[in-house]
Structure formats: C-alpha cells, structure tokens
Amino acid sequence: MANWQTLIREQIAKEKAAATELLQAWVREASVQGKERSIQESIAETLHAMGLEVDLWVMEGDELLQHPYFVSPRTVFADSPNVVGVWKGTGGGRSIILNGHVDVVPAGDPAQWSHDPFSGEVVDGRLYGRGATDMKGGNLASLLAIQVLQALGVRLKGDVIFQSVVEEESGGAGTLATILRGYKADAALIPEPTNMKIFPKQQGSMWFRLTVKGRSAHGGTRYEGVSAIEKSMRVVEAIARLEKERNDRIDDPLYAKLPIPIPINIGVIEGGKWPSSVADLVKLEGRMGVAPGERMDDAQADMEAALRRLADEDPWFAAHPVELEWFGARWVPGAVAEDHPLMDILQRQFAAVTGRRAVVEASPWGTDGGLLTTLADTPAIVVGPGVTQVAHYPDEYIELDAVFQCAEIFALTLLEWCGTDDAAN
C-alpha cells in the first residue's frame, strides 16, 4: 500500500516554487470589489490546464437578486464572475467542495505598508500583500492539494468541486450563486485564515442602523431642547445590556476561549449639525453577532425588544421610539456536529502531518460556510492557513510553510473522504 503521506509531502516539495509564483500572481491582482474578472479568468485557465470541468459565469437574474439570502451593495457583477472547477470522480465516493473567495478589502493607506500592498513580495518565508491571508493563501492550498494528487496519478471516487467566488466580504452573494447554479456536495472545506484551527461552527452577523431622535434648540438654552446625542448614550447602554444577556445564554465549550462569543459592535455614530445647536438626530450603525443554530429572525427580535424596553426607562422613547433598520451585509451562521466524519478525518490528518492535536473552536466571525450548511445542505468546516490578526491590516502576509502544510492535510483528507479508485490508480 502506498505511503500517501510521504508521497504527498515529496510532491509538494517539488511544487513549492511554482505554487509560490502562482500565489504571487494572484496577490498581484488587486481584486477588490468590482475588479475580480482578471484573476478569475486566470484561475479558470489554471483549472482548464488541470483538466477540470470549468464553469465561469457572471451572476445575474431575479432568482439571485430576489433571493431572501441575497445581500450586496450592488446588483451588477459584469466584472466579477464566479469560477467553479470540477475534478470528476470515478463514482461511488463522497463529494466535497473547496470554497474560497478572491475578493479582497481595499489596501488602505499605502504609507502604512512596508511593501507595496499588491507586490506579492516574499521575505523570510512570508508572502506579503492584500489578500495573501484573506484568503488567497488558503485558496492556493486547496488548489495545490488537487494538483499534487493529480501529479501522483490518483483517481478519486468522489467529485472535488473547487470554487473561486466573489462577494464574500459583502455577505456571500458569490457562494449563494453557486448554490442556485446547482453546486452541492456531501461536505465542504473553507480555508479561511484560522491558523489551522478547525471551526465546525461559525457565528453569523448582520448590520443594523438606529436612528435616535431629539428636539433642537439653541445651545445657549439647551435645556429647552432634547439632545439626541444624550439619548443615544442611553441606546448604547441598552445595546451593551443586550449583548451581555445574549452572551450569558451561551454555554457551548467551543466558545470558551472567546470573551464575547457573539458581540454587538457599534461601528458608526453620526449626529448633530451645528456646535451651537442641540442635536436633534443621531444615527448609529453596527454589527450584531448571531449564534450558530440561532435563527436570524430571533436575533432581530432580541434587538427590537431591547429597544422597546427603553420606553420603560425614559418617557421620551415612548413618544419617540428608536427607529431600527437592518441593512447591508449579512452572514448566515452555520454549525456542523463535532462528531461529523469529516471532522474526524481532518483531526487525524492534522495530527499525522503536524504531530500536534488539532484545536477545535467556534469561529468569531462569519463566513460563506453558513450558506453552504444551511441552504445547500452541505456541511461546511472552516480551516485554513494564515491568522486573522493580519487580515485586513497593513502588511498583510501569509507564512508559505503554513500554506504547504495545509495543502498536505487537505490532500490526505481528500484521499480518505472521497475514496480512491484502486482499479483506476
């Protein structure tokens, strides 16, 4: 019987230079929202060269745009296609999706970077650039796992579906489009930057906007007005109490290391128009975490109830209730049972490759995994190279050794999950 781990490790060693160059090419593509076509066409060419069945398309149509899970700041995606490549199995094995996004957040101020944000420069084993960690490095690990198995002449029984999607940073419309196009599998891996921790559960989140009303007056007689700024402080306090109430309910041990498992964050506050006037309007915008297994409607109801209770504390809110709007990005929570067979395989292969026991936790942020698990009936587990502490930051980078280690774990996982066709190998 072949010693697959040795063969895979040796083959990865042969592929490292080419794989690094490919990742550099991907990072040099400034694939911010609306500018993903070039990298997606390049990925499609790579998948064609690997002999996969390739599907490149632009998302459109009412089925997507009117879907209850559709969230995006735009409705036209002409320069943002999706790409899917299918490595067909010989039959009789379990299928798997390897899902990753190519859209990246803006680089921000270049002066805060030690290297050009889209240089792909390699220094001391780290490849630098926006998107290197979030999450082109993980995508490269997925692709390399397939390439290595192909180079070794492996034929799997189950299909491997490589997905390069857009829109994850805005709520997941790209992955939603793959689901509506019919792509489903027995399980999925999403190589977001977890530092190779295994996340069977991912919290969801959604954006909200609160409008707090006051009554304007001259600043010299401010006591004749009602300050929306002062009233907004009451609202912030109510949100803090709600956050504590919601988190006190959570006893899942996978969240034990997170001080606030499902935070509610106020990220924007705007109010007032003139220093000598009492502010009559304040707008607050934020993000509300949603627990795995929790319905998003129920989380919204919690927020609505907390705001209604303000009227019991302050008569002003009875006559002038806070206006609540759910808008913008939304990520669906997801959960996979800890005894799912893919969890067992991942943990064993992680230990075989690293010599360490895998860390299993719950994700502190949302991913496209919730959509796959909830809508596509495809249990999704999040695990990948890179660390979140550099994602979205200046000088984002990824450790190349971590990418190659992830590729080795993924290749071994594909072998066991999909099964090998000994007659074809």
Side-chain angles (χ1 to χ4, degrees), residues 8 11-12 15-16 18-20 22-23 25-27 31 39-40 42-55 82-89 94-103 127 131-152 154 156 158-166 168 174-175 178 183 185-196 198-199 342 345-346 349-350 353 367-369 372 378 380-386 398-418:
I8 287 169
Q11 187 61 38
I12 287 176
E15 303 281 353
K16 282 184 178 180
T20 299
L22 182 57
L23 182 54
W26 287 358
V27 171
S31 53
I39 188 172
Q40 292 290 65
S42 174
I43 289 172
E45 290 177 5
T46 299
L47 297 175
H48 273 298
M50 292 167 60
L52 275 61
E53 298 177 3
V54 180
D55 185 9
N82 269 339
V83 180
V84 173
V86 181
W87 186 25
K88 292 291 293 183
R94 293 176 292 199
S95 59
I96 194 165
I97 287 173
L98 304 176
N99 172 286
H101 66 89
V102 295
D103 54 310
L127 191 152
T133 276
D134 189 13
M135 61 176 290
K136 292 175 180 178
N139 293 348
L140 192 279
S142 294
L143 186 75
L144 182 57
I146 298 172
Q147 290 177 324
V148 165
L149 294 180
Q150 288 183 326
L152 293 174
V154 171
L156 299 176
D159 295 345
V160 179
I161 304 168
F162 179 89
Q163 297 183 341
S164 180
V165 302
V166 298
E168 191 276 343
T175 291
T178 68
Y183 290 106
D186 293 311
L189 291 176
I190 301 182
E192 290 273 11
T194 71
N195 199 22
M196 292 309 295
I198 300 174
F199 293 163
L342 184 57
I345 293 172
L346 273 173
Q349 299 301 355
F350 178 92
V353 171
T367 74
D368 281 353
L372 289 167
T378 300
I381 298 169
V382 181
V383 54
I398 195 162
E399 300 278 357
L400 288 169
D401 283 349
V403 174
F404 301 134
Q405 188 177 76
C406 179
E408 183 178 344
I409 294 168
F410 278 12
L412 290 166
T413 298
L414 295 181
L415 281 173
E416 187 170 354
W417 176 259
C418 299

Checklist entry - Should Trp87 and Ile161 be marked as a side-chain contact (heavy atoms from CB on, under 4.5 Å) after you check the CA-CA gap, both sets of side-chain angles, and the distance that decides it? => result CA-CA 6 Å; Trp87 186 25; Ile161 304 168; over 6 Å; no
Item to check | Ile146 and Val148: CA distance, side-chain angles, deciding distance, side-chain contact (heavy atoms from CB on, under 4.5 Å) verdict | outcome: CA-CA 5 Å; Ile146 298 172; Val148 165; over 6 Å; no
Item to check | Full working for side-chain contact (heavy atoms from CB on, under 4.5 Å) between Val383 and Phe199 | outcome: CA-CA 6 Å; Val383 54; Phe199 293 163; over 6 Å; no
Next on the checklist: Does Tyr183 form a side-chain contact (heavy atoms from CB on, under 4.5 Å) with Asp55? I'd like the steps, not just the answer.
Outcome noted: CA-CA 11 Å; Tyr183 290 106; Asp55 185 9; 2.8 Å; yes
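Checked by atom type, the side-chain pair Thr178/Asn82 shows no donor-acceptor distance below 3.5 Å. Between the side chains of Gln163 and Thr175, not a single donor N or O lies within less than 3.5 Å of an accepting N or O. Side-chain atoms of Glu416 and Gln349 form a donor-acceptor pair, as typed in the model, at a separation below 3.5 Å.
Side chain of Asp159 to main chain of Gly89: a donor-acceptor pair is present (N/O by atom type, distance under 3.5 Å, no hydrogens or angles). Lys136 places a side-chain N or O within 3.5 Å of a backbone atom of Trp26 that can act as its donor or acceptor partner. For the pair Gln40 (side chain) and Ser164 (backbone), a donor-acceptor distance under 3.5 Å is present. Using modelled atom types, one side-chain atom of Ser31 and one backbone atom of Val102 make a donor-acceptor pair closer than 3.5 Å. Proximity of a side-chain donor or acceptor of Asp186 to a complementary backbone N or O of Ser95 within less than 3.5 Å is detected. Checked by atom type and distance alone, the side chain of Gln150 pairs as donor or acceptor with a backbone atom of Met50 at under 3.5 Å. Put simply, the side chain of Arg94 gets close to the backbone of Trp417: a donor and an acceptor are under 3.5 Å apart.
When each of Val86, Thr46, Leu47, Ile43 is paired with Val54, the side chain to side chain contact (heavy atoms under 4.5 Å, CB included) condition holds for Leu47 and for no other. Of the candidates Val403, Thr194, Leu400, Pro385 forms a side chain to side chain contact (heavy atoms under 4.5 Å, CB included) with just one, namely Val403.
Nearest heavy atom pair, residue Leu414 against residue Ala145, reads CD1-CB, 4.3 Å. The two residues Leu143 and Phe162 have their closest heavy-atom pair at N-CE1, 3.8 Å. Of all the heavy atoms in Ala188 and Leu372, the pair that sits closest is CB-CD1, 4.0 Å. Scanning all heavy atoms of the two residues, the minimum distance from Met135 to Gly100 falls at CE-CA, 3.6 Å.
Between the CG atom in Leu22 and the CG atom in Leu140 there is a gap of 5.5 Å [rounded to 0.5 Å]. Between the CD1 atom of Ile96 and the CG atom of Leu342 there is a distance of 5.0 Å, given to the nearest 0.5 Å. Note that the CD1 atom of Ile345 and the CG atom of Leu415 stand 10.5 Å from one another [nearest 0.5 Å]. In this structure, Ile8 CD1 and Glu15 CD are separated by 12.0 Å, a value rounded to the nearest 0.5 Å. Atoms SG and CD1, from Cys406 and Ile398 in turn, are 8.5 Å apart once rounded to the nearest 0.5 Å. Taking OG of Ser142 as the reference point, atom CZ of Phe410 lies at 5.0 Å (rounded to 0.5 Å).
In this structure, Asn139 has no side chain to side chain donor-acceptor pair (under 3.5 Å) partners at least two apart in sequence or on a different chain.
Considering only heavy atoms from C-beta on, Asp103 comes within 4.5 Å of Glu168 through its side chain. In this structure, Ile190 and Ile97 have side chains that are not in contact, with every pair of non-hydrogen atoms separated by 4.5 Å or more. Pro191 places none of its side-chain heavy atoms less than 4.5 Å from the side chain of Leu98. A heavy-atom distance below 4.5 Å is not found between the side chains of Lys88 and Leu156.
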